[in-house]
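Owing to the predicted nature of the structure, the values given are computational and were not obtained by experimental measurement.
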Amino acid sequence: IATASLPDGVVGTPYSQVIQATGGVAPFTWVVSAGTLPHNLDLDNSTTSTLTISGTPDMQQAAVQFTIGVTDAANQSATVSYTVNINGPSALTIGTSSVPPGTINVPYPSFSFSAAGGVPPFTWSEIGALPAGLNFASNGTLSGTPTATGSFPIMVTVKDSGGQTNTKPFTIVVYPAPAVLSG
């Protein structure tokens with residue numbers, strides 16, 4: 001087995017790593033010969049000289065030790081022991097810095113709040129007085145047609161599937177319709 005080590009993983013982040021065998025005669029049989037893989041990771045059903053360990057870790061684990069073994073059609077075998085840490089997700093933050101303004105009685109421009117870190121999927125909510133005619137969806141999207149002008153402060157909260165939350169203030173400004181000159 002030519003792959004000497006595997007990188008660490010992160011909760012909620014897809015993990016996919018290839019282990020490569022050299023030499024031998026196909027087909028190959030791969031197994032976890034000692035220990036267990038990190039939670040929610042699996043071996044593919046490879047019979048070739050490459051094996052993929054993949055999945056999305058769903059719990060933090062430190063120093064998970066396991067041994068991968070391979071046997072070829074000529075009954076030759078090899079094993080390698082690995083240690084992989086599954087680290088907690090990075091801190092959840094709201095990546096959006098500002099909200100675009102709207103114009104009264106004009107459909108609001110397509111807009112969604114963004115998050116960084118944390119463990120998807122995310123659930124969004126807001127507290128405050130949205131401009132009349134605008135809607136805030138749980139996926140972080142603002143939509144609708146504002147029917148009132150002014151400056152509307154709101155607090156936006158995002159929650160990830162791991163229980164982290166983050167809240168940030170925003171102001172939505174709705175301008176009056178442009179004046180129409182006639183003459």
Side-chain angles (χ1 to χ4, degrees), residues 1-24 26-72 76-100 110-128 136-142 154-171:
I1 297 176
T3 307
S5 64
L6 296 171
D8 291 342
V10 177
V11 171
T13 301
Y15 185 92
S16 181
Q17 295 298 317
V18 173
I19 296 175
Q20 180 74 47
T22 57
F28 295 87
T29 303
W30 295 89
V31 296
V32 177
S33 61
T36 58
L37 294 175
H39 193 262
N40 216 32
L41 296 186
D42 296 300
L43 304 180
D44 67 4
N45 292 320
S46 176
T47 57
T48 69
S49 62
T50 60
L51 169 75
T52 302
I53 296 176
S54 62
T56 302
D58 60 358
M59 60 187 288
Q60 187 169 340
Q61 296 176 278
V64 178
Q65 297 176 342
F66 55 94
T67 301
I68 297 293
V70 63
T71 304
D72 73 356
Q76 301 175 86
S77 63
T79 61
V80 172
S81 294
Y82 298 102
T83 301
V84 174
N85 291 309
I86 302 299
N87 300 309
S90 58
L92 177 63
T93 60
I94 296 175
T96 305
S97 58
S98 64
V99 179
S110 177
F111 179 77
S112 294
F113 289 88
S114 68
V119 181
F122 303 113
T123 304
W124 296 84
S125 60
E126 66 82 25
I127 297 174
F136 188 96
S138 63
N139 68 357
T141 302
L142 274 175
I154 61 171
M155 292 296 287
V156 173
T157 299
V158 62
K159 181 176 181 177
D160 74 359
S161 62
Q164 292 187 74
T165 61
N166 193 303
T167 301
K168 189 173 181 179
F170 292 93
T171 300

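- Rounded to the nearest 0.5 Å, atoms CG (D8) and CG (N87) are 5.5 Å apart.
- Between the side chain of Y82 and the backbone N or O of T3 there is at least one donor-acceptor pair closer than 3.5 Å.
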Next on the checklist: Run the side chain to side chain donor-acceptor pair (under 3.5 Å) test on T165 and T157 for me, step by step, so that the C-alpha distance in whole Å, both residues' side-chain angles and the decisive distance to 0.1 Å come before the verdict.
Outcome noted: CA-CA 7 Å; T165 61; T157 299; over 6 Å; no

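- Residues meeting the ring pair (Phe, Tyr, Trp, His ring centres under 6.0 Å) test with F113, sequence neighbours left out: F111, W124, F136, F170.
- Looking at I68 and V80, their side chains never come closer than 4.5 Å, going by heavy atoms from C-beta outward.
- Residues I53 and L6 share a closest heavy-atom pair of CD1-CD1, 3.9 Å.
- Checking T48 against S46 by side-chain atom types alone, a donor-acceptor pair falls below 3.5 Å.
- Under the 3.5 Å distance criterion, with hydrogens and angles disregarded, no donor-acceptor pair is assigned to the side chains of S81 and Q65.
- Applying the side-chain contact (heavy atoms from CB on, under 4.5 Å) criterion to P14, with sequence neighbours excluded, gives T56.
- For the residue pair L41 and P57, the shortest heavy atom distance occurs at CD2-CD, 4.0 Å.
- Listed for the K168 side chain is a donor-acceptor partner under 3.5 Å among the backbone atoms of T96.
- Side-chain contact between P38 and Y15: absent, with no pair of heavy atoms (C-beta onward) separated by less than 4.5 Å.
- For the pair N85 and Q61, the minimum side-chain heavy-atom distance is 4.5 Å or more.
- A heavy-atom distance below 4.5 Å is found between the side chains of S49 and Q20.
- With a 4.5 Å cut-off on side-chain heavy atoms, L43 and L37 count as touching.
- Taking the side chain as every heavy atom from C-beta outward, I154 and V156 approach each other to under 4.5 Å.
- Between L51 and V18, the closest side-chain pair of non-hydrogen atoms is not below 4.5 Å.
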Checklist entry - Can you check side chain to side chain contact (heavy atoms under 4.5 Å, CB included) on W30 and I19, steps first, answer last? => result CA-CA 10 Å; W30 295 89; I19 296 175; 3.9 Å; yes

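- A search for side-chain contact (heavy atoms from CB on, under 4.5 Å) contacts involving T79 returns S33, T67, not counting sequence neighbours.
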